[in-house]
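Take this structure, written in structure tokens, and hold onto it; I'll ask about it next.
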2 protein chains.
Amino acid sequence: MDNLRMTTQRKIILEALKKSQSHPSADRVYEFVRGEIPNISLGTVYRNLEIMYRQGMIVRIETPDGQKRFDYDTSNHPHFRCEECGKIEDIPLPLTAPPLDPRSEWVSKRKILSSTVNYQGLCSDCISKA
Amino acid sequence: MDNLRMTTQRKIILEALKKSQSHPSADRVYEFVRGEIPNISLGTVYRNLEIMYRQGMIVRIETPDGQKRFDYDTSNHPHFRCEECGKIEDIPLPLTAPPLDPRSEWVSKRKILSSTVNYQGLCSDCISKA
DNA sequence: CTACCTGCAAATTGTTTGCTGTGTC
DNA sequence: GACACAGCAAACAATTTGCAGGTAG
């Protein structure tokens, strides 16, 4: 039941993510992949992104505009989101969330598994447009 | 055009958020508010949450389960999300994202406006259930 | 009195799912 | 050859929007 198959579709979807710097939405991935497999279905794209996400093969990013974005890079790295155009970029600096003191009472009652850091602002494109 | 009115509905929605510790979704806010104004419409709740969010009166939180949550506390504080039950809690510790070095080339090309820190794991309820 | 706002319902948007045939391992 | 997976379309869930009447300032 957990036996993954590397179908042509899955391979190309993963490839699309790998090539893209832009953390595309399912929709964008669909558009791209249709260049290679014109009759692929949107459902297949969603299904594969979900499966690969659950496998930990890719990362899923929540956004304020209600569309999930996907990232090929599974290393824990911070994202920067442009508040103007919505673009999401990787921040190429080693940054991690401050560690939670395990001796604190609040922390000791919970099990902390992971953390994420995000920055927002204006990207270089949107700055030069303004 | 940016002239806000404090209608009964808006007041009660804000009140509901203020009372709630649980970072409710629009749906939950709707349920609560119906206790006071039985014939309020869900559209009104959405409209008001959106307006108040845009005014900076409240905070909107993205979640992996595809429902936005809202927070009365607009101070920049970290959230903890339980991966089991989806509950979102405020972390009562002074924690901020690491500052970005403005001298770095990457940073200098952008305008950083804000940052958020999030932690994920298991809440105390879900630990004791396991 | 003037727009902003409400309730209602219909429309959109993003995503999921049931079905039936297919291709991977 | 079994069983995960594809395509297709219909179903869903969260949120948005058009309209006509109501109300705060």
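Throughout, protein chains are lettered first and strands after them, A, B, ... in sequence-line order, and every chain is numbered starting at 1.
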With the side chain counted from C-beta on, respond yes when A:Pro24 and A:Tyr30 share a heavy-atom pair under 4.5 Å apart, and no when they do not.
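Side-chain contact under 4.5 Å: no.
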
Please write out which residues are connected to B:Ile88 in a hydrophobic cluster, directly or through intermediates, given that two of Ile, Leu, Val, Met, Phe, Trp, Tyr count as joined at side-chain heavy-atom separations below 4.5 angstrom.
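Joined to B:Ile88, directly or through intermediates: B:Val59, B:Ile61.
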
Can A:Ile37 and A:Gln9 be said to form a side-chain contact (heavy atoms from CB on, under 4.5 Å), step by step?
CA-CA 8 Å; A:Ile37 314 175; A:Gln9 287 82 344; 4.0 Å; yes

Any non-hydrogen side-chain atom of B:Val33 less than 4.5 Å from a side-chain atom of B:Glu15?
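Contact flag for B:Val33/B:Glu15 side chains = no.
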
Using the test salt bridge (Lys or Arg N to Asp or Glu O under 4.0 Å), find all partners of B:Arg28 that sit at least two apart in sequence or belong to another chain.
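Applying salt bridge (Lys or Arg N to Asp or Glu O under 4.0 Å) to B:Arg28 gives B:Glu31.
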
Enumerate the salt bridge (charged side-chain N to carboxylate O under 4.0 Å, His left out) contacts for residues 112-121 of chain A, please, sequence neighbours excluded, ordered by first and then second residue.
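Passing the test, one end in residues 112-121 of chain A: no pairs.
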
Tell me whether B:Leu122 is reachable from B:Leu93 by hopping between hydrophobic residues (I, L, V, M, F, W, Y) whose side-chain heavy atoms are closer than 4.5 Å.
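Result: no, two separate clusters.
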
Evaluate A:Leu100 against B:Leu95 for side-chain contact (heavy atoms from CB on, under 4.5 Å), listing each step before the verdict.
CA-CA 9 Å; A:Leu100 296 180; B:Leu95 293 167; 3.0 Å; yes

Expected output is a numbered-order residue list: members of residues 57-68 of chain A with a heavy atom under 4.0 Å from any atom of DNA chain C. What is it?
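Of all residues in residues 57-68 of chain A, the ones placing a heavy atom under 4.0 Å from DNA chain C are A:Gly66, A:Gln67, A:Lys68.
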
Of residues 28-49 of chain B, the positions that come close to DNA chain C - non-hydrogen atoms, cut-off under 4.0 Å
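When residues 28-49 of chain B is checked for heavy atoms under 4.0 Å from DNA chain C, the hits, listed by number, are B:Asn39, B:Ile40, B:Ser41, B:Thr44, B:Arg47, B:Asn48.
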
With a 4.0 Å cutoff (strictly under), does any side-chain N or O of B:Gln9 reach OP1 or OP2 of C:dG7?
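For C:dG7, OP1/OP2 do have a side-chain N/O of B:Gln9 under 4.0 Å.
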
In whole angstrom, give the distance that lies between atom OH of B:Tyr53 and atom C1' of D:dT16.
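Rounding to the nearest Å, OH of B:Tyr53 and C1' of D:dT16 are 16 Å apart.
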
Validation row: A:Arg60, A:Glu50 side chains within 4.5 angstrom (heavy atoms):
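Heavy-atom side-chain distance check passes, below 4.5 Å.
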
Contacts under 3.5 angstrom, residues 39-46 of chain A side chains, donor-acceptor by atom type, not counting sequence neighbours:
residue, atom, partner, partner atom, Å
A:Ser41, OG, A:Gly43, N, 3.3
A:Ser41, OG, A:Thr44, N, 3.2
A:Ser41, OG, A:Thr44, OG1, 3.3

How large an angle, rounded to 10°, do the end axes of the helix from C:dC1-D:dG25 to C:dC25-D:dG1 enclose when each is built from five base pairs?
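Between the axes fitted at each end of the helix from C:dC1-D:dG25 to C:dC25-D:dG1 lies an angle of 50°.
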
Checking contacts here: which listed nucleotide (C:dT6, D:dC5, D:dA6) is nearest the side-chain heavy atoms of A:Arg10?
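Closest nucleotide to the A:Arg10 side chain: D:dC5.
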
Give the residues of residues 14-24 of chain B touching DNA chain D, defined as any heavy atom closer than 4.0 Å, sorted by residue number.
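Contacting residues: none.
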
Protein-nucleotide distance (A:Met52, atom CE; D:dA4, atom C1'), rounded to Å
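From A:Met52 CE to D:dA4 C1': 15 Å.
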
Pairs touching residues 121-130 of chain B that satisfy salt bridge (charged side-chain N to carboxylate O under 4.0 Å, His left out), sequence neighbours left out:
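Applying salt bridge (charged side-chain N to carboxylate O under 4.0 Å, His left out) to every pair that reaches into residues 121-130 of chain B, excluding sequence neighbours, yields B:Lys87-B:Asp125.
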
Considering only distance and modelled atom types, tabulate donor-acceptor pairs under 3.5 Å from the side chains of residues 78-86 of chain A, sequence neighbours left out.
residue, atom, partner, partner atom, Å
A:His79, NE2, A:Asp71, OD2, 3.0
A:His79, NE2, A:His77, NE2, 3.1
A:His79, NE2, A:Asp90, OD1, 3.2

Apply side-chain contact (heavy atoms from CB on, under 4.5 Å) to the pair A:Thr74 and A:Met57, showing each step before the final yes or no.
CA-CA 7 Å; A:Thr74 56; A:Met57 299 169 67; 5.8 Å; no

In whole Å, what is the span from the CD1 atom of B:Ile12 to the C1' atom of C:dG7?
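Result: 15 Å.
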
Return the value, rounded to whole Å, for the distance between atom CG of A:Asp27 and atom P of C:dT12.
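The distance from CG of A:Asp27 to P of C:dT12 comes to 17 Å, rounded to the nearest Å.
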
Return all side-chain donor-acceptor pairs below 3.5 angstrom for residues 107-115 of chain B, not counting sequence neighbours, or 'none' if the list is empty.
residue, atom, partner, partner atom, Å
B:Ser108, OG, B:Glu105, O, 2.8
B:Lys109, NZ, B:Glu105, OE2, 3.1
B:Arg110, NE, A:Glu89, OE1, 2.7
B:Arg110, NH1, B:Trp106, O, 2.9
B:Arg110, NH2, A:Glu89, OE1, 3.4
B:Arg110, NH2, A:Glu89, OE2, 3.3
B:Ser114, OG, A:Gln120, NE2, 2.7

Nucleotides 20-25 of chain C: protein proximity per nucleotide (B base, S sugar-phosphate only, - neither; heavy atom, under 4.0 Å):
---BBS

Please state how far atom NZ in A:Lys11 lies from atom C1' in D:dC5, giving the value in whole angstrom units.
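After rounding, the reported distance stands at 14 Å.
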
